[in-house]
Amino acid sequence: MSALSGGRACSAPSGRRRGAARLTALTLATGALAAGAIATAGPAAADEAPQNRGGAVATLGGLQTYGQAVIRDNGTSQQVPAGLFEMSVDGGGTLQTYCIDILNPTQKDAKYQETAWSGTSLNGNKNAGRISWILQHSYPQVNDLAALARKAGARTLTEQSAAAGTQVAIWRYSDGAEVDAVDPQAEKLADYLYKSARGAAEPKASLTLDPPAVSGRQGERLGPVTVRTDADAVSVIPPADSVASGVKIVGKDGKPVTAAANGSQLFFDVPKDTPDGSAALSVQASTTVPVGRAFTSESRSQTQILAGSSESTVSATASASWAEKGAIPTLSAEKNCARNGVDITAGNKGDEPFSFRLMGLKHTIAAGTSRTVTIPLQEDQPYDFTINGPNGFEKRFKGVLDCKTEGSTIGSKTEPVADPSPASAGGTGTGGGDLAETGGSSATPMIAGIAVLMVVLGAAAMFFLRKKEDPAGADTSGEE
């Protein structure tokens, strides 16, 4: 078996799931159609805002140190590779991770972002802290394998068996899976870690800016934006057009800053005669990312959890908008797995209300207030929507809601599929007044129609599949 098992390490596709693959193909096709419609509906120049508050961004390489494990489910079994993945950090650095979604496939070269537990399947998992404990007390954080073997009651441990045993213990808590290591020594380690694990706190992000968006009037200092990090020093990168616009990044004392630390407060100093507009600042640091941080991908590649980090580049961005009069909006977004959706936080520092439409509903933010709106989504649902505001203000939010492990479907009537597909489309938003009054996208009815069509097609596909299956759940389609 190859390291990635055909690109699906930790995934367990089988003959019983061939019928489900038909549904996957059908919903992928309709999902792609809907996503294309949404992308067309949004403004081409929208400022894209990913749903992460900063940290490390990395590319998945593949399994590097691993053994084998066996998943058991209702009398059947499937062997899968189990161990440490390696990721390359944008800007420099290497991460080692375990996966926390045993039946979900990995996508080689997928881009990952450091993410809070609240935006992953760890949200609401009462054993998430035990996973963090396991990471702190096993390989590679504990590299004295002889001492680790003695604690586990194992005869000996290699790097491969230590990685496999650690991954198996994590899966038992992350997915509730019935899974065992093939190597007896790795299995002893898995049992020891599983039984010994205690609750531990979620580690803090390597680098964030809070809040990620501010607004106000020209002639003011907009902020503060507070730096949160475990790095010793942080570089502050001013807006790209700061020389031409005159916008500066300053500290509490009003003096320009080029460096910051944990707790530093940053402000956008906007000259009084600056035209209405917006700008962004970035911060960057070099640090080791805290063990236990989660990493998610918009490509629907399985969620990872950090086991080890070299000195790595981390970054975060915050934006500011300003105007002389009228509404002055701020927008940010964050996945909220507790409410199965995406939280859009909208603020308005202006003197007029700021209104926008999203998923067919109008939302109005009164002058001088802020509000968080939760956009409900289905599990595995991709979304891509743009919110417009006055003075050319645009924010685009895109991603995939991935809040549950595929293992949560084990034993249910719905089989986990090898490649989870999009369920339906997100919406577009427009700023100010009613949609018809502000030149809003005429694609909204089409998007709604596509969503309905997808539900109908999905239901038809499920009916077709069930008719093809015998009462025991075997695939009788005759496909190879």
Side-chain angles (χ1 to χ4, degrees), residues 2-11 35 48-66 80-102 104-117 119-122 135 140 163 167 170 174 203 205-208 229-231 235 237 282-317 335 380 382 384 396-402 405-406 418-420 422:
S2 66
L4 282 173
S5 188
R8 292 180 180 175
C10 309
S11 172
E48 186 173 324
Q51 282 71 72
N52 71 312
R53 292 296 181 90
V57 177
T59 301
L60 184 69
L63 274 172
Q64 297 298 316
T65 307
Y66 64 97
V80 296
L84 278 170
F85 288 85
E86 187 170 291
M87 288 200 257
S88 300
V89 179
D90 290 6
T94 302
L95 306 178
Q96 291 178 299
T97 62
Y98 290 104
C99 76
I100 53 173
D101 197 351
I102 190 172
N104 197 16
T106 53
Q107 306 294 335
K108 194 174 187 299
D109 298 326
K111 187 73 72 176
Y112 278 78
Q113 297 173 334
E114 185 181 337
T115 306
W117 287 1
T120 74
S121 60
L122 293 175
L135 292 165
Q167 177 66 93
I170 289 171
S174 65
S206 60
L207 178 62
T208 60
T229 185
D230 62 353
S235 298
I237 304 169
S282 297
V283 293
Q284 191 175 86
S286 181
T287 186
T288 54
V289 183
V291 170
R293 291 295 289 172
F295 281 78
T296 59
S297 172
E298 290 184 2
S299 65
R300 198 61 182 89
S301 186
Q302 68 187 186
T303 302
Q304 305 281 314
I305 192 162
L306 189 68
S309 168
S310 70
E311 193 81 4
S312 298
T313 300
V314 296
S315 61
T317 301
K335 293 177 185 177
D380 298 337
D384 187 347
R396 180 184 179 189
F397 302 103
K398 63 179 295 186
V400 175
L401 189 72
D402 184 9
T405 63
E406 290 300 307
D419 296 296

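As a basis for the values below, the full set of heavy atoms in this structure was taken, side chains included, without hydrogen atoms, waters or symmetry mates. Fair warning: this is a prediction, and the values are worked out from it, not measured in the lab.
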How long is the straight-line distance from [atom2] of [Y] back to [atom1] of [X], given to the nearest 0.5 Å?
X: L306; Y: L95; atom1: CG; atom2: CG; value: 5.5 Å
X: T120; Y: Q304; atom1: OG1; atom2: CD; value: 12.0 Å
X: Y98; Y: Q302; atom1: OH; atom2: CD; value: 14.0 Å
X: I305; Y: T115; atom1: CD1; atom2: OG1; value: 11.0 Å
X: E311; Y: T288; atom1: CD; atom2: OG1; value: 6.0 Å
X: L84; Y: T97; atom1: CG; atom2: OG1; value: 7.5 Å

* Structure fact -> Applied to residues 80-97, the salt bridge (charged side-chain N to carboxylate O under 4.0 Å, His left out) test, sequence neighbours excluded, yields D90-K111

Distance-only, no hydrogens or angles: does the [X] side chain make a donor-acceptor pair with backbone N or O of [Y] under 3.5 Å?
X: S301; Y: Q107; answer: yes
X: S206; Y: V289; answer: no
X: S310; Y: T94; answer: yes
X: S299; Y: S297; answer: no

Looking only at heavy atoms, what is the nearest atom pair of [X] and [Y], with distance?
X: P140; Y: Q96; result: CG-OE1, 3.5 Å
X: W117; Y: P203; result: CZ2-CD, 3.8 Å
X: Y66; Y: P81; result: CD1-CB, 3.9 Å
X: F85; Y: C99; result: CE1-CB, 4.0 Å
X: G61; Y: K108; result: O-CE, 3.3 Å
X: M87; Y: A58; result: CB-CB, 3.9 Å

* To do: Begin with the C-alpha distance, continue with both residues' side-chain angles, and end with the deciding distance and a verdict on side-chain contact (heavy atoms from CB on, under 4.5 Å) for L207 and T287.
  => CA-CA 9 Å; L207 178 62; T287 186; over 6 Å; no

* Asked: Stepwise, does the side-chain contact (heavy atoms from CB on, under 4.5 Å) test hold for V400 with T296?
  -> CA-CA 10 Å; V400 175; T296 59; over 6 Å; no

* Side chain to side chain, L122 and I100, heavy atoms closer than 4.5 Å -> yes

* Is any side-chain heavy atom of D380 closer than 4.5 Å to a side-chain heavy atom of D402? -> yes

